[in-house]
Amino acid sequence: MAQQQAREGRLRPARRLTLAEDVYESIKTLVMDHILPPGERVNIDALARELDVSPTPVREALARLEADGLVRKRPLSGYTTTPLLNRAEFDDLFDVRLLLEGATAGRAATHATAVQRQRISAEAGANIDVEAGDGYRRHATFTTLDATFHDLIAEAAGSPLLRDSITRLHAHLHLHRLYFPPNGAPDTTIEHQRIADAIIAGDSPAAVDAMRAHLTAARERHLPAFDRLRAPEAPHGSA
């Protein structure tokens with residue numbers, strides 16, 4: 001009963017003019033907020049009824065969420081939500097990010113165009129404060145802007161292979177689904193600005209150091225997730 005009420009609080013009838021995007025965002029919110037719990041089978045017909053749409057846009061949304069790494073499709077079994085990162089996977093994710101994104105920031109400092117430097121600077125200065133609300137919607141803007149900043153740097157590095165490798169990690173969605181640090185936005189803003197300053201100055205070693213310092217700090221901010229996972233009485237997303 002409680003789960004059904006929570007689902008109803010996250011779902012809304014999709015607007016017809018933006019049907020595909022509405023359905024995608026609605027189901028994504030259910031996954032990020034664990035209303036569709038990790039590792040659970042996704043009922044396409046039930047979601048279609050709740051969203052008041054046909055099954056087609058639901059299937060399209062699930063295909064996008066599969067690319068995001070938030071659901072998995074298995075032959076003859078349909079879709080299931082992806083399990084949460086465990087501690088070993090979490091550590092592995094950050095080890096890979098430190099290698100890839102540190103190198104990417106260094107390349108961006110030497111390869112970025114004037115326009116790309118300007119965009120990185122503007123994105124670093126964007127307001128990524130956590131908004132009012134609850135659950136994923138409370139920090140969806142932060143998640144989007146944070147991901148955009150890192151993607152701009154990957155683009156500016158001038159290596160499609162590096163950029164594709166970073167994009168495939170989908171680190172922001174996985175981490176914020178696991179746990180969202182309630183007070184992390186101000187620190188992230190400062191760290192992003194240091195990275196941007198080094199890239200704008202064309203200082204490759206400083207850009208590498210700033211990115212690695214940012215990721216190391218982000219790792220520490222997310223570590224409390226594993227204490228929360230060991231304490232089931234603590235609701236997901238609470239401060």
Side-chain angles (χ1 to χ4, degrees), residues 2-73 78-85 93 123 126-152 154-155 163-164 166-182 184-185 188 222 225 235-239:
Q3 187 180 95
Q4 179 62 30
Q5 290 175 339
R7 290 169 71 98
E8 291 172 355
R10 297 294 189 275
L11 290 168
R12 65 188 189 282
R15 298 187 301 275
R16 299 301 173 183
L17 292 178
T18 56
L19 183 63
E21 192 64 27
D22 273 7
V23 172
Y24 167 74
E25 289 294 340
S26 293
I27 300 175
K28 180 179 176 182
T29 298
L30 293 178
V31 175
M32 294 291 286
D33 281 346
H34 298 190
I35 306 304
L36 287 174
E40 181 173 286
R41 183 176 177 275
V42 178
N43 187 320
I44 292 176
D45 290 334
L47 282 174
R49 286 193 297 271
E50 290 178 83
L51 289 166
D52 191 24
V53 297
S54 74
T56 298
V58 174
R59 292 192 182 95
E60 292 172 351
L62 290 172
R64 289 179 63 184
L65 291 168
E66 183 182 17
D68 290 338
L70 294 178
V71 300
R72 295 175 178 174
K73 186 178 184 182
Y79 288 96
T80 59
T81 51
T82 305
L84 295 178
L85 296 174
L93 172 63
E123 203 65 37
N127 180 6
I128 56 175
D129 288 341
V130 177
E131 297 181 350
D134 64 339
Y136 173 62
R137 290 179 183 174
R138 182 175 65 86
H139 58 84
T141 300
F142 178 102
T143 303
T144 299
L145 292 174
D146 189 25
T148 299
F149 177 75
H150 285 266
D151 185 61
L152 284 173
E155 178 185 1
R163 184 183 183 187
D164 184 60
I166 291 169
T167 299
R168 287 178 181 274
L169 292 175
H170 297 288
H172 300 80
L173 290 177
H174 287 305
L175 290 173
H176 292 175
R177 180 171 170 239
L178 177 70
Y179 168 70
F180 183 77
T188 299
H222 280 88
H236 176 78
S238 62

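Given the structure is predicted, the values throughout are model-derived calculations rather than measurements.
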CA sep, side-chain torsions, deciding dist, call: H34, L84, side-chain contact (heavy atoms from CB on, under 4.5 Å):
CA-CA 10 Å; H34 298 190; L84 295 178; 3.7 Å; yes
One should read off an interatomic distance between K73 NZ and Y79 OH, to the nearest 0.5 angstrom, of 4.0 Å
**OP:** Kindly determine whether L70 and I27 satisfy side-chain contact (heavy atoms from CB on, under 4.5 Å), including the steps that lead there.
**Re:** CA-CA 10 Å; L70 294 178; I27 300 175; over 6 Å; no
Q.
Any side-chain to backbone donor/acceptor pair from T81 onto P37? Under 3.5 Å, distance only.
A. yes
Here the gap from L145 atom CG to H150 atom NE2, rounded to the nearest 0.5 Å, amounts to 11.5 Å
Q.
Let's go through L173 and T143 carefully: what are the C-alpha distance in whole Å and the side-chain angles of both, what is the deciding distance for side-chain contact (heavy atoms from CB on, under 4.5 Å) to 0.1 Å, and is it a yes or a no?
A. CA-CA 7 Å; L173 290 177; T143 303; 4.3 Å; yes
K28 with D68: basic N within carboxylate O range, under 4.0 Å
no
Between E66 and R59, is there a salt bridge with N-O shorter than 4.0 Å? no
Value for OG1 (T82) from CG (L36), rounded to nearest 0.5 Å, stands at 11.5 Å
Which of L30, L65, L62, V58 passes side chain to side chain contact (heavy atoms under 4.5 Å, CB included) with V42? It is L62
Scanning both residues in full, the closest heavy-atom pair of A154 with R163 reads CB-CG, 3.8 Å
- Task: Please tell me if the side chains of S26 and E50 come closer than 4.5 Å, counting only heavy atoms from C-beta onward.
- Result: no
Value for OG1 (T56) from CG (L19), rounded to nearest 0.5 Å, stands at 9.5 Å
*Considering only heavy atoms from C-beta outward, does the side chain of L85 approach that of L175 to under 4.5 Å?*
yes
Rounded to the nearest 0.5 angstrom, the CD-CE distance for E25 and M32 is 10.0 Å
Notebook entry, point to check: For N43 and D45, what are the C-alpha separation, side-chain angles and deciding distance, and is it a side-chain contact (heavy atoms from CB on, under 4.5 Å)?
Noted result: CA-CA 6 Å; N43 187 320; D45 290 334; 3.7 Å; yes
Value for NE2 (H222) from CG (L93), rounded to nearest 0.5 Å, stands at 9.5 Å
V23 and A61 have their tightest heavy-atom pair at CG1-CB, 3.8 Å
All heavy atoms of G69 vs all of H170, minimum pair found to be N-CD2, 4.4 Å
